[in-house]
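Chain identifiers are assigned alphabetically (A, B, ...) following the order of the sequence lines, protein sequences preceding nucleic acid strands; residue numbering begins at 1 within each chain.
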Amino acid sequence: MNPQNLLIPVLLPLLLALFSFLLPRGVKRLREVVSVLGAALFVYVAIAFFGQKETFLTLPWLGHGIDFELRLYGFSQFILIALSGFTFLITLYSTVKMAGDPRIREYYGYLFLTSAMSAGAVLANNLVPLVFFWEGLLITLYALITIGGKGSHRTAVKAFLIGGFCDFSMILGIAILWSQTGTLRMSDISVVPQGLTAVSFYLMMIGAIGKAGSMPFHTWIPDAAVDAPVTVMAFIPAALEKLLGIYMLARICLDLFKLETNSAPSLVLMTVGALTIVLAVFMALIQKDLKKLLSYHAVSQVGYMMLGIGTAVPIGIAGGIFHMINHAMYKSGLFLAAGSVEQQAGTTELKKLGGLAKAMPLTALGFVVCAAAISGIWPLNGFVSKEMVFHGSYETGYTIFTIAAWLGAILTFASFLKAGHSVFFGPRGLETAAVKESKSPITIPILILAGLCVLFGVYNALPLKLFIQPILAGHAAPGESIDFTAHALAVFNPIALISLGCLLIAFALHFFGFKRGGNKAYLASEPIHRLPVLRTLYDWAEARVFDLYEQGIKFIQAMSKFLFRFVDRPIDAFYEKVVVGVGRACIGALKAAHNGLYANYLAWTVGGLVIIVWAIGALLR
Amino acid sequence: MHLFLLIGLVAFSIMAVLSRDLLKSAISLAVASIFLALAFFGMNAVYAGVFELSVVAGLITVLFITAIALTRSDSEVAESKRHLIVFPLFFLALAVLDILVMRKLLGQIPAIQSAESGTFSQVLWNQRTFDLVGQVGAIFAGVLAVLALFRPDGEKAHQDNVSEGGRHE
Amino acid sequence: MTNNIQTIILLTIFVPIVGSFTIPLAGLISKKARSFWSVLLALATTACSMLLIPFALKGGELAFRKEMAMGLDFIVVADALSIFMAVVSSFVGALIVIYSLGYIGHEENQNEYYLIVLLFIGSMMGLVFSANLIFMYLFWEIAAIACWRLIGFYRVREFVLKADKAFLMTFFGAVFMLLGFIIIYGQTGTFDLTAMRGTAIPGVAVLLILLGMFSKSATVPLHTWLPDAGVAPTTVTALLHAAVLVKIGVYAYARLFCYTFKLPEGWQQAIPIIVVFSSLIAAAAAAVENDLKRILAYSTVSQIGYIFLGFAVLNPMGVSGSLLFILMHGLAKAGLFLCAGIVIHATHQRDIRQMGGMIKTMPWTAVAYVFCAFSVIGIPPFGGFFSKFMVIMATVQSGRVWVAAAALFAAVMTMYYLFRVFSAVFMGEARSDAKEGTRSMVFVVVVLAVLSLLAGLFVAYPTQLANVASGEILRWMK
Amino acid sequence: MLFLFIIVPLLLAGLLPLLGKLSKRFLPDLLASAAMLFLLVLAVVSAKPLIAGGGIIQQAFWFGAPLNIRLLLDGFSLFMLFTISLVSFAVTLYSINYMEHYGAKANYYALLLVMIAGMNGLVLSSDLFNIYIFLEMAAVASYALVAFGRGHDELEASFKYLMLSAVASAFVLLSIAIIFGVTGGVSFGTVAQGLKTLNIKYVVGICSGLFLAGFGLKAALVPFHSWLPDAHPSAPAPISAMLSAVLIKVSGVYAMTRIFLNVFGLTPALTTVLTVMGVVSIFVGALAALGQNDIKRMLAYSSISQIGYVVLGLGIGTPLGILGGLFHLFNHALFKSLLFLNAGAIEQSTGTRSLDRMGGLAKVMPLTATTSAIASLSIAGVPPLNGFWSKLLIIIALVQAKMHVLAVLAVLGSVVTLWYYLVLQRYAFFGKLNETWKGVKEAPFWMSASMVLLALLCVVTGLVFPFVIHSWLQPAADVLGQGVSVALNFIGF
Amino acid sequence: MNNLWILNMGFVALLIGIGLYCLLTMKNTVKLLIGVEIIAKGVTLALVASGYARDNLLVAQSLVITVIVVDVAVIATALALIISINRHTKSLDVRKLTKLKG
């Protein structure tokens with residue numbers, strides 16, 4: 001394949017973006033049509049790329065080893081397909097959902113810019129172009145969130161700052177890596193994380209998991225869920241950022257660094273993953289807004305991926321990556337479904353919704369399938385990937401992580417029972433009486449995604465063999481099996497049984513809560529919410545005590561105030577007060593001395609003479 | 001004899017300083033001048049002596065007395081009486097210091113002895129001619145100065161009007 | 001060839017300097033004539049300096065001299081470093097002159113304004129091409145005079161006070177720098193930079209020279225004049241300071257400590273720490289301040305720290321990064337200042353707490369602001385990203401991980417305060433019905449914003465020149 | 001022909017009061033200006049034979065008979081003559097307009113001419129006693145000139161100046177008497193020869209001290225400076241310019257330098273005392289100037305400070321230091337006279353010297369403002385103006401002489417200098433126009449002309465400083481650099 | 001001879017000391033001028049003594065004459081000043097002459 005073609009995945013969306021920007025606001029149809037067709041073409045390109053030989057493109061750029069290098073190989077082909085697919089689906093969905101938005105022009109522009117940047121980041125084979133595209137995504141993220149309207153700006157800034165922090169960490173990590181390895185070409189780097197390179201690993205890991213939205217860099221996601229358009233949520237935090245973040249994490253753990261099982265970096269990664277699973281899902285459980293609930297799950301699921309990749313065991317890694325693609329599908333589907341509900345009912349608050357299944361059967365169907373997939377119900381894709389992660393973590397010997405993952409599974413299911421129950425079942429809310437099914441461009445993406453969930457679950461060999469095995473091909477120990485299809489849907493092994501048991505517990509929990517809450521589904525999580533210690537913690541979380549961003553901003557403010565008051569101002573005061581003061585004092589003394597008395601002046605003269613004569617005498621000696 | 005004259009000179013100088021009446025001071029100064037002139041005669045410096053006697057004891061005293069007369073009517077500045085106590089102490093200290101220093105210097109300082117010949121006028125005209133130009137200039141300056149200070153008041157005296165009060169930073 | 005280059009260099013220096021004094025004459029004819037003449041001079045300077053680019057790209061170096069008394073020869077050196085600086089500063093300077101047409105159009109003392117600005121550009125040209133310490137100082141101080149007149153342009157008491165403060169502080173630094181030069185002279189017996197390459201100089205001289213550079217480039221602890229000066233004058237003046245003037249010290253640093261002298265080991269270690277500290281403190285101050293222009297001025301101080309850092313780590317990438325930084329910061333900071341100018345012009349106040357919601361009424365300004373802010377923060381694909389990135393990379397490469405971390409933290413702070421401003425000014429509740437600025441004003445900021453973006457997209461071209469310049473450093477370091 | 005330097009102004013001074021009766025204004029203006037121009041040309045012309053071959057000693061003639069008036073013209077004296085003539089020419093031009101309202105122009109010019117004759121004589125003399133007498137001649141004229149306005153301030157200032165000056169003269173004369181007593185002569189050659197043969201360093205030390213006190217008072221070095229801030233502001237502006245720019249240098253610095261460097265020979269002890277006094281003067285003068293509200297008083301203190309630089313440079317005694325000191329002397333003559341003339345222009349236009357009451361005068365007096373800005377920057381040592389180069393040379397010399405502390409102080413001094421000149425500029429010119437002065441006019445033609453002339457000289461001297469150094473300063477510095485041998489060469493004549 | 005010179009110089013010092021005392025402590029401007037005169041006397045004595053001691057009397061005398069003439073000019077100017085001041089202030093007190101200060 002001609003290396004120049006590698007630029008197509010970047011340039012095509014870029015052109016689409018420019019088209020959208022330049023097309024006057026008045027023109028309506030054309031924009032949507034071109035966007036959908038362009039996105040379709042993008043998908044076509046991605047599919048055409050699939051299976052191509054490994055291809056490199058190198059263009060001179062900045063010198064100093066900083067070249068514009070792209071590389072197409074198995075992993076990036078896979079991500080590219082996913083990326084283009086999501087772009088297409090979201091574009092399609094947006095034609096209806098975003099119609100009439102005053103900033104529609106920018107919306108499509110940013111959407112395609114995001115695609116272009118992501119494609120660039122995926123294809124980059126040099127750390128600098130990688131950072132270039134990677135960090136550039138901040139802009140589109142910022143811009144897309146602000147499209148949400150009033151109040152969204154604050155969230156956008158929050159997302160921007162958090163993202164910026166993570167990206168700067170990554171830059172530092174890259175810089176250290178470069179200083180250690182001497183090259184910026186990703187395909188040439190492979191080091192064991194020790195000493196400085198370990199620092200580099202952690203810093204780059206922060207960049208990757210920050211993008212993926214892991215704890216503690218997740219806090220903008222729930223906020224954005226409220227403020228940003230739901231398509232944006234479905235596209236970026238749910239799909240794209242996971243794709244990119246976990247892609248990057250996988251690259252870091254597999255290519256750039258040789259991550260050893262149970263080494264410190266591995267354990268750190270697993271710990272963060274496990275914590276993310278548990279903590280985020282606890283937060284998700286008690287949410288009373290569908291979008292917010294979904295967004296916390298978007299965080300929680302990242303934990304599985306990190307946990308999987310962090311195990312550094314082939315099955316774990318494969319599970320993590322598989323979970324990434326699965327999550328992108330069902331979480332997008334869920335968000336889109338939520339968007340559909342929002343579109344029709346005008347709200348996503350669980351309390352106000354209910355019994356929509358009849359009115360919106362297709363949306364409900366999509367939602368239920370995706371929810372089942374995320375909860376890990378046999379034989380959907382979520383089950384497969386989660387099992388792989390459980391296995392992987394179990395293989396490391398640290399069962400604690402597996403237990404955390406199970407705990408997450410319980411609560412995930414419980415919260416989705418609550419969500420699905422509140423929205424689509426039970427009594428119909430009064431305010432939502434006139435709700436109808438959404439238009440086909442909305443339902444089709446949802447159903448496609450739901451369908452894919454089923455497909456990837458039942459025919460798990462398709463993704464596992466086609467996409468994931470090639471990634472692991474070069475990394476697994478020789479002789480180790482990397483074909484996981486055999487027991488992917490196997491139920492009769494201890495781990496799978498425990499997992500299924502978890503689902504039962506979750507069901508019991510939900511039922512218990514449902515009854516306690518007076519048959520109100522949205523109160524089903526209250527028993528857990530009200531548990532003694534948890535309640536306090538929840539209260540704190542509501543007050544954003546655990547929001548690293550809020551604390552960070554407070555820290556920055558405090559530190560700034562400190563530095564300003566105690567360093568900058570004193571320096572200025574030195575010039576304004578001390579220097580001027582000393583000057584004044586001297587002036588005062590001199591003014592007092594020149595008192596106009598002749599005798600005084602003469603005394604100086606005579607005294608001066610005496611001193612001079614004495615001085616000369618002394619110096620002559 | 002020389003010593004006596006010098007002591008007289010110093011004594012009358014002291015009187016000129018300490019006297020509380022300006023006129024007496026001026027006259028004491030004139031007397032001191034006379035002593036100095038006599039000392040000059042004693043050192044064979046006749047011309048200097050004559051000049052001292054005529055110009056300093058004469059002309060300058062006249063100038064002083066005129067000035068005193070012109071300013072006397074409305075200005076009596078009483079000098080403090082402390083001088084009668086302070087001055088002797090000062091003088092004693094000065095004298096002691098002086099004697100100590102000079103005793104130490106006795107015979108200490110080498111010098112070049114020169115023997116000159118000719119008359120005073122020869123020396124004055126042939127060696128120190130340039131001084132005369134300076135003298136003329138100085139006299140010019142003095143005359144012009146007095147003229148400038150006592151010029152007719154027809155043209156207004158320049159009044160400056162610098163306002164008092166400090167600058168504000 | 002050589003003669004041509006010589007002529008062009010001399011023209012670059014003397015066209016603005018000599019031309020500046022003809023401006024009052026043009027002013028005698030008419031206002032139009034004067035404006036036209038000023039712009040023409042500025043453009044001619046830019047054109048002259050740009051003519052040198054091919055020469056620089058070939059890695060050419062040219063030094064020639066005019067003999068004068070006592071080692072005070074007028075020596076001109078043209079290499080990639082000086083040509084890069086000349087092009088950047090004359091370009092930004094010319095832009096500023098053009099923009100002044102609109103901004104200054106209604107003020108008094110326009111003759112003086114254009115004279116001084118042109119003189120300033122000329123002194124900048126003279127400075128970058130001088131290879132004699134004394135002549136560097138000379139042009140340095142001419143720039144200081146220009147700065148003094150410009151800050152006090154409105155003649156308001158408080159502004160004139162700030163002008164005096166700026167002049168005094170920079171002069172204080174500069175004369176001590178001169179003393180440092182003289183100490184070097186005492187050691188080497190020459191002021192000729194070309195003859196002193198690779199000379200090790202005593203630490204005291206470094207300290208004294210750094211005083212000058214830090215004061216001119218507004219680095220902690222000699223920075224406080226810049227925020228003050230930023231408050232006082234016209235927006236254009238503030239911009240001139242932020243975009244061009246403060247680069248003088250940085251350039252001198254590069255010329256002296258990267259290309260000529262060997263620093264003592266202790267200073268080599270200390271300087272990066274000092275400048276990062278400066279960067280952090282200024283960022284903190286910018287995060288606390290509420291005065292729009294002061295924030296931007298502090299931001300300049302903070303970014304200057306980066307430029308110093310790139311030069312201070314003494315490796316080619318750092319030098320390249322810093323040179324790029326000079327360009328990118330010049331464009332982006334200019335844009336920010338001009339946006340601030342439009343906002344202040346519209347609202348008649350500078351306190352960001354009193355503003356809000358202006359994105360509705362002035363969308364173009366807001367977008368331009370964000371673009372420039374992105375560039376200053378260092379977000380790709382804007383130009384600022386590359387320069388900042390290269391500086392960080394170079395810092396880490398030289399083994400100063402902590403310094404790089406602190407610098408990155410300063411970048412995070414930059415994000416914070418620039419968006420704090422953006423939120424306060426353009427977002428939230430509208431507090432006044434401020435209108436978008438005039439067409440020309442908006443045009444200007446948009447152009448700068450777009451330039452910031454283009455500089456990022458086509459970063460390879462300026463980098464080429466910067467790399468030639470940084471390649472030379474290797475030669476001298478050996 | 002050197003005698004013309006003295007006799008022309010002196011004769012004219014004698015004539016002017018008589019001519020003044022004929023024509024109150026025109027004739028004195030014309031004659032005085034013509035005389036000054038003549039002297040200036042003469043100074044330039046005299047340079048030719050000098051550059052051709054070393055120092056010149058010329059004898060004056062009286063109707064064909066040789067008189068024992070030997071005038072010494074070497075590089076140093078020529079340099080001083082040129083400076084004196086230049087400044088006095090500018091000042092005379094300025095006086096044409098400025099002295100109108102004082103009246104008694106003829107008398108004024110006569111005094112000015114006597115003062116110039118005295119200074120010229122001092123510079124040309126080769127004899128300690130002649131130095132004293134011309135010193136007195138110039139001084140007496142200057143007392144009268146300071147008191148010329150006859151207001152209270154002028155008289156008070158003049159009186160203190162006179163009384164302190166008289167003591168200083170007595171110190172000088174006492175020192176001459178001691179030298180005379182030791183060496184038996186007063187001419188430079190004899191004294192230098194005598195001191196060379198005798199080993200009397202303590203006597204020379206005492207005499208140096210006396211000279212330093214006497215000439216130091218004339219030059220207004222701290223702590224002998226106290227009369228200057230009173231006297232210089234009180235005089236009419238052109239006289240202030242003359243006093244600050246020339247008189248203190250000729251009767252103080254020139255005399256001191258000539259004696260110490262060419263007759264006594266500079267000893268390390270003297271170097272230390274001179275440099276320390278210089279630095280102390282710099283700071284006392286500068287800091288005191290900082291606190292002034294009266295513009296001329298500020299300038300007067302500034303003179304003290306700048307004289308400090310001159311003495312500092314000369315005191316180092318190295319060729320470069322001497323060069324720097326002399327160059328600064330020349331530069332200071334230019335810009336300080338210019339500044340005083342500016343102040344005079346302001347005073348004449350607004351009637352005030354108080355900085356408080358001025359403000360934004362640049363608008364109504366653009367020429368004055370521009371020239372004043374140039375002079376201020378120049379005096380503060382901002383390149384490319386002349387003051388910078390001289391300070392640069394002095395500081396280089398200090399560093400080369402390993403006097404690093406003094407170098408730092410000298411540098412700091414120039415920062416303070418800039419400080420108060422910025423204050424001056426801020427209060428007087430740079431700022432909003434004070435409403436009171438809306439109707440104020442720019443200075444009249446001759447005043448403006450002389451200010452522009454000096455300002456141009458400041459700029460040009462800065463730009464072509466190598467030429468200035470080569471043609472005027474190097475010969476002067478060479479003379480001083482040769483030390484005692486210069487004086488020893490005179491014996492033959 | 002040398003010792004006589006030293007003796008004379010001793011008296012010169014005394015005279016100058018007295019003159020300075022007068023200048024430093026007296027209030028009356030005319031008195032101050034008398035102090036100046038006393039110092040001048042001391043200096044003339046010094047000149048003559050020097051000439052006498054070194055057989056240079058003729059030169060010394062010509063110097064003294066010049067000094068005296070100059071002295072007269074100075075004294076005349078000073079007295080003129082004093083009289084003018086007196087017209088302004090109606091006083092001879094030097095301590096009241098402190099308008100110029102600072």
Given side chain to side chain contact (heavy atoms under 4.5 Å, CB included), test Tyr420(D) with Ile587(A) step by step and report yes or no. CA-CA 12 Å; Tyr420(D) 63 78; Ile587(A) 291 166; over 6 Å; no
Determine whether Phe211(D) and Ile612(A) satisfy the following criterion, side chain to side chain contact (heavy atoms under 4.5 Å, CB included), listing intermediate values before the conclusion. CA-CA 10 Å; Phe211(D) 275 140; Ile612(A) 286 172; over 6 Å; no
Ala615(A) versus Val273(D), closest heavy-atom pair with distance: CB-CG2, 4.2 Å
So, the part of Leu221(D) with a heavy atom under 4.5 Å from chain A: the answer is neither
Under a 4.5 Å heavy-atom cut-off, does chain A meet the side chain of Val222(D), its backbone, both or neither? neither
Residue Tyr301(D) versus chain A: region with a heavy atom under 4.5 Å: side chain
What distance separates Lys160(D) NZ from Leu602(A) CG, expressed to the nearest 0.5 Å? 12.5 Å
If I compare all heavy atoms of Phe224(D) with all of Thr605(A), which pair ends up nearest, and what's the gap? CE2-O, 3.1 Å
What closest approach, in Å, do Leu590(A) and Ala288(D) show between heavy atoms, and which atom pair accounts for it? CD1-N, 3.4 Å
Which atoms form the tightest heavy-atom contact between Tyr598(A) and Leu164(D), and what is the distance? CE1-CG, 3.7 Å
Considering only heavy atoms, which portion of Val582(A) lies under 4.5 Å from any heavy atom of chain D: side chain, backbone, both, or neither? neither
Could you tell me which portion of Leu619(A) (side chain, backbone, both or neither) has an atom closer than 4.5 angstrom to a non-hydrogen atom of chain D? both
How far apart are the closest heavy atoms of Gly608(A) and Pro223(D), and which atoms are they? CA-CG, 3.7 Å
Heavy-atom closest pair (Gly209(D) atom, Val613(A) atom, distance to 0.1 Å) is CA-CG2, 4.1 Å
If I measure from the heavy atoms of chain A, does Leu217(D) come under 4.5 Å with its side chain, its backbone, both, or neither? side chain
Spacing of Ile616(A) atom CD1 and Cys207(D) atom SG [to the nearest 0.5 Å]: 10.0 Å
Under 30°, 30 to 60°, or over 60°: which ring-plane class applies to His594(A) and His225(D), parallel, tilted or perpendicular? perpendicular
